[in-house]
Amino acid sequence: MTQAPAPSQALRINPVALRQKVMQQLDRHRNGDAYPVMVVRAEPAWPHDPAMLLPGGRPARVVPCVSPLAIWEHLAADRDDEVLVLLTDIPESDLGHGVKSRIFRQRVITLEPWDLVVDAFGAQLPDSALEREGWAGEALLDAMPPAGWPKLTTAVLTRDVALRHLAAVRLGLDRRGGSPDDLDVTTLLRWSAEPGAVEAFGLLREGERDGLARWVIEQFGRPAKALFALVAAGHGGDALPLGLVCDALWTSTTAEAVRVQGRIDQYFGNLDDDATLRGFADATVQVAGAMLTAPDRETRLQAHAVLDRAEELLIQFGAVGSAGHSPILRTGFTQRINAAAEALLAGLSKPGASALDAAVESLADHRLADAEAGRIRRIRMAHRLVRWLDVEVTPPASVADGVDRQIAEWGWVDLALHHVWAGEDVHPQLQRAFREIHERAQARRRDLDAAFANRLAAWATAGPGNDGDLLTVENVLSRVIDPLVRADRPVLLVVLDGMSAAVAVELADELTQHWVEYDPIAGSGPGRRRGVAAALPTLTAVSRTSLFAGALRSGTQENEKRIFAEGRWGKGARVFHKGPARGGAGEVLAADLAAAMSDRTHLVAVVINTVDDSLAHGREGDEPGWQLGDIGFLRSLLDLARSTGRAVVITSDHGHVLERGGELVKATDVASARHRTGAGPAGPGEVELSGPRVVAPGNRIIALWDPMLRYRPSKAGYHGGASLAEVTIPLLAFLLPNVTDTPAGWMPVEARRPDWWQAEASVPVVAAPPPPRLPAPKSRRKVPAVTGDALFDVPEATPAPAPDPAPTGGDFVTALLNTELFKAQHGLTPRRVELGKIEAALRALVEAKGVLAVAVLAQRAGEMPGRAVGFVRTLQRILNVDNYAVLSLIDNSRTARLDIALLREQFQLPGAHS
């Protein structure tokens with residue numbers, strides 16, 4: 001039997017290293033032929049381009065030669081002007097004098113790996129630790145990048161530097177835009193999940209594989225040890241999903257988990273090291289979790305593929321039942337959805353149960369929560385509705401009361417109902433919970449609409465003067481806009497046709513990230529978000545014309561243009577409707593609108609019909625709610641208002657109700673989907689409205705108050721009726737944060753969310769250790785503060801601070817101001833703040849239970865709005881002794897949070913824990 005040839009013991013060399021060696025020889029030995037034949041001892045294999053261009057433009061050609069005869073053939077052949085480099089593993093003694101006499105230097109050029117490697121790094125010699133890694137020299141030559149190794153600034157090439165660069169190349173960091181400095185546990189685990197990566201590592205020479213693995217384990221410890229145990233056992237490609245499975249099973253005490261642990265250990269080559277497996281599992285959870293929220297889509301898709309494989313492994317091992325507590329596996333997420341659904345249903349029958357709060361927050365803490373943001377949002381909305389159903393609600397006492405409460409509370413209920421109605425696609429128990437919660441909350445809302453309809457009927461009949469402080473659509477001009485025009489304040493009025501209170505909730509929340517919301521008619525009182533009563537019937541032709549005319553009347557778009565031309569909105573005021581406001585190709589806004597916005601001397605009004613249009617035609621997608629980007633060109637319009645320093649007022653002409661499986665009511669006198677004009681009496685779900693506020697023949701209509709009824713064929717939504725959602729118009733007013741000359745009577749809006757909308761104080765939003773027990777002031781240690789953003793990174797559920805214990809030993813704030821510690825801290829601030837302002841700010845925070853909008857806090861303290869954030873930061877320097885987060889800025893610096901218990905602790909005030 002013929003014996004296979006032994007593998008070559010010569011070095012494998014890549015083009016970069018060979019070019020470096022050839023040039024090194026030619027430079028050192030310049031005598032003789034400019035285009036010699038150079039024989040280099042190396043593995044006689046060259047899968048690269050045989051043509052090689054040397055520095056200076058000299059051509060070379062590389063040819064592998066496996067026998068002396070092959071070398072003779074190239075020596076005897078005619079050659080062009082080029083350096084001929086012959087690669088061979090034949091010993092020099094086997095070539096003979098005839099061959100050697102005709103080759104460069106009459107000898108075979110041998111490769112000394114360390115000389116080439118050190119030279120490539122720009123160093124002078126390797127350290128002894130690197131030289132002891134006998135495999136590394138050849139590996140560093142073979143792996144040399146096309147541009148060569150980076151030049152070092154030191155004379156000695158150390159082991160860690162060389163092997164870190166080698167590992168970066170072998171693990172493909174350069175392909176992902178990384179560098180050797182980026183090599184860490186995360187990089188290793190991400191590498192293992194790349195298609196073909198582990199297989200490519202297996203193709204390296206055994207010495208290099210083992211040597212690199214040893215070095216990586218030495219550098220990165222237990223996670224690397226487990227990873228390369230998997231690689232050695234042939235399971236390296238499953239490292240990430242298997243680590244997630246290990247995390248679930250090694251934190252479970254079930255008999256099933258213990259049984260499966262033994263089977264999984266075989267995947268690691270019987271590593272038999274629980275500490276290593278636990279460290280590895282922890283690392284995989286962190287890495288996979290970060291991948292799920294990565295900014296690039298490709299990484300997120302890869303993360304979901306890892307989770308899918310982990311689920312396959314769970315089934316393969318028969319361990320699905322032991323993974324329900326996992327914080328990242330789909331099995332764990334499903335289990336937490338089960339728990340949340342059961343808790344929602346239980347919450348309907350057992351109001352106030354804390355188990356619901358815990359179940360929802362546990363679900364939100366799962367690593368898949370961000371990827372399933374829509375589902376989490378709906379569950380939170382259902383949770384809020386359960387809390388609202390547990391709150392006692394009295395019917396509206398008047399139209400003004402109903403409009404105010406629709407803005408302050410019931411519009412939020414409507415928003416939550418919209419999200420819950422959107423429903424759940426796969427989970428039956430959650431579908432049932434959503435259905436029952438929606439039905440219960442909707443029934444309560446209908447009762448409120450019924451009570452409001454009775455108040456509305458009496459109010460419409462009574463006529464003007466019977467509305468107290470209530471804004472009506474026809475007096476928005478006189479009460480809100482005229483004072484600004486008279487004060488020469490540049491104003492943008494945006495009329496979002498059809499915007500309801502529910503739409504305004506989400507829109508205002510997004511806008512307050514960059515603007516400060518104000519109450520434009522607060523006077524000297526506290527600011528609150530205002531509502532406006534629409535004209536009747538709640539149609540565009542009536543209510544929007546009444547808005548622009550400043551009087552109750554009906555009309556068309558042409559009437560509205562004429563009203564502006566007549567100067568009722570100030571000299572030079574312009575109104576832009578849907579068509580004329582849009583720009584042409586390459587433009588978002590029409591040139592006329594952009595020019596009008598740039599002229600700060602005139603009011604500009606813009607009508608945007610996006611919301612109203614959606615009622616007729618519906619919206620694409622199944623996600624409820626309205627964001628800034630959903631509403632036409634509003635974002636671009638507000639950006640222009642920002643650049644021109646305009647105050648912004650956003651309102652509507654009426655609200656709307658949405659189609660929710662409602663019932664068609666047959667009638668012969670139908671005037672819109674939600675009102676009719678005949679003489680017949682009001683039937684179920686209807687109310688008769690008559691009087692001066694009704695702009696219709698005979699000043700009389702019959703309108704539907706029940707949102708589940710309609711007169712015309714089904715559409716996405718309707719208006720024209722008498723429900724709270726249709727009659728109530730939101731009024732939003734904004735100024736930029738740096739504005740110092742606040743219009744007269746404008747006050748920052750204080751509370752924006754109902755109490756039941758917030759998470760319960762007893763359940764923290766993000767799991768975190770309790771505040772440390774602080775030692776006495778003299779012995780305090782420096783401990784970095786945990787920032788407010790880190791503690792409150794779920795904006796829908798900012799936890800309220802602990803209740804303020806009753807002060808003892810005198811007034812709480814006065815006691816604080818009189819402490820020696822406070823006086824010392826106050827004296828150290830570079831910009832001394834008046835004690836009166838500090839006292840006013842603290843009292844406002846204590847009164848608000850520790851959480852207050854920054855703009856409101858500044859206003860209460862007598863500080864200019866433009867300096868609100870700076871004022872709070874100054875207070876932080878005084879109150880946050882030793883960097884403890886007594887006062888925090890949260891919600892993107894829009895809100896200040898005072899930890900009253902921690903403040904007592906810091907300043908040793910009455911009520912502090914002993």
Side-chain angles (χ1 to χ4, degrees), residues 463-464 470-499 520-521 530 532-582 589-590 592-597 599-613 632-634 637 641 646-655 672 692-697 699 719-720 727 729-733:
L470 174 64
L471 267 174
T472 54
V473 69
E474 72 274 13
N475 61 32
V476 168
L477 170 61
S478 60
R479 295 186 62 184
V480 178
I481 304 301
D482 275 352
L484 299 173
V485 173
R486 288 195 298 268
D488 295 325
R489 167 80 63 171
V491 184
L492 168 66
L493 171 68
V494 180
V495 180
L496 296 183
D497 199 320
M499 176 177 66
I521 60 171
R530 297 281 174 167
V532 179
L536 302 172
T538 52
L539 300 175
T540 298
V542 173
S543 212
R544 197 172 79 192
T545 302
S546 298
L547 167 68
F548 286 137
L552 291 170
R553 63 183 60 180
S554 64
T556 63
Q557 183 171 305
E558 293 305 316
N559 299 127
E560 295 166 3
K561 291 179 180 178
R562 187 176 66 252
I563 289 168
F564 272 78
E566 292 170 353
R568 299 187 197 181
W569 287 75
K571 184 178 179 181
R574 298 285 305 278
V575 62
F576 294 86
H577 292 82
K578 179 180 180 180
R582 289 299 312 228
L589 305 177
D592 285 354
L593 174 54
M597 289 288 291
D599 185 353
R600 289 169 46 88
T601 61
H602 302 307
L603 177 141
V604 176
V606 180
V607 178
I608 300 179
N609 297 87
T610 308
V611 177
D612 197 51
D613 288 347
F633 50 85
L634 181 58
L637 191 62
R646 289 180 179 268
V648 174
V649 177
I650 302 177
T651 191
S652 182
D653 47 359
H654 55 75
S672 78
R693 287 205 58 78
V694 181
V695 184
N699 296 110
H719 58 91
V727 173
I729 301 170
L731 181 70
L732 309 174

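On a predicted model such as this, the values are computed, not experimentally measured, just so you know.
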Given T538, D612, D653, the one that forms side chain to side chain donor-acceptor pair (under 3.5 Å) with H719: D612
Donor on one side chain, acceptor on other, T472 and N475, under 3.5 Å: yes
Listed partners of R562 passing side chain to side chain donor-acceptor pair (under 3.5 Å), at least two apart: none
Partner residues of A647 under the side chain to side chain contact (heavy atoms under 4.5 Å, CB included) criterion, sequence neighbours left out: R489, L735, W746
Test side-chain contact (heavy atoms from CB on, under 4.5 Å) applied to V491 and H602, step by step: CA-CA 7 Å; V491 184; H602 302 307; over 6 Å; no
Contacts of type side chain to side chain contact (heavy atoms under 4.5 Å, CB included), residue A541, not counting sequence neighbours: none
Can you give each donor-acceptor pair under 3.5 Å made by side-chain atoms of residues 479-486, sequence neighbours left out, with the distance rounded to 0.1 Å?
| residue | atom | partner | partner atom | Å |
| --- | --- | --- | --- | --- |
| R479 | NH2 | D469 | OD1 | 3.1 |

Side-chain (T651) to main-chain (L731) donor-acceptor, under 3.5 angstrom: no
Results of side chain to side chain contact (heavy atoms under 4.5 Å, CB included) for V494 - residues two or more places apart only: L492, L496, I608, L634, L637, I650
Side-chain donor-acceptor pair present, T556, N559, cut-off under 3.5 Å: yes
Donor-acceptor pair, side chain of R646 and main chain of M597, under 3.5 angstrom: yes
Non-hydrogen side-chain atoms of V495 and F548 separated by less than 4.5 Å: yes
Step-by-step side-chain contact (heavy atoms from CB on, under 4.5 Å) determination, V606 to F633: CA-CA 10 Å; V606 180; F633 50 85; 3.8 Å; yes
Point-to-point distance, once rounded to the nearest 0.5 Å, from NZ of K561 to CZ of R574: 10.0 Å
F576 and L589, any side-chain heavy atoms less than 4.5 Å apart: no
Min side-chain heavy-atom separation L539-S672 under 4.5 Å: yes
Heavy-atom pair with the smallest gap, counting every atom of S652 and M499: OG-N, 3.1 Å
Check: V607 main-chain N/O paired with H577 side-chain donor or acceptor under 3.5 Å: no
Any donor-acceptor pair under 3.5 Å from R693 side chain to N699 backbone: no
With sequence neighbours excluded, residues passing side chain to side chain contact (heavy atoms under 4.5 Å, CB included) with T545: R553, E560
4.5 Å side-chain heavy-atom contact, V542 and P537: yes
Nearest heavy-atom neighbours spanning V473 and S543: CG2-O, 3.6 Å
P490 versus R600, closest heavy-atom pair with distance: CB-O, 3.3 Å
Gap between atom CD1 of I563 and atom CH2 of W569 - 0.5 Å precision: 9.0 Å
Nearest heavy-atom neighbours spanning P692 and L552: O-CD1, 3.5 Å
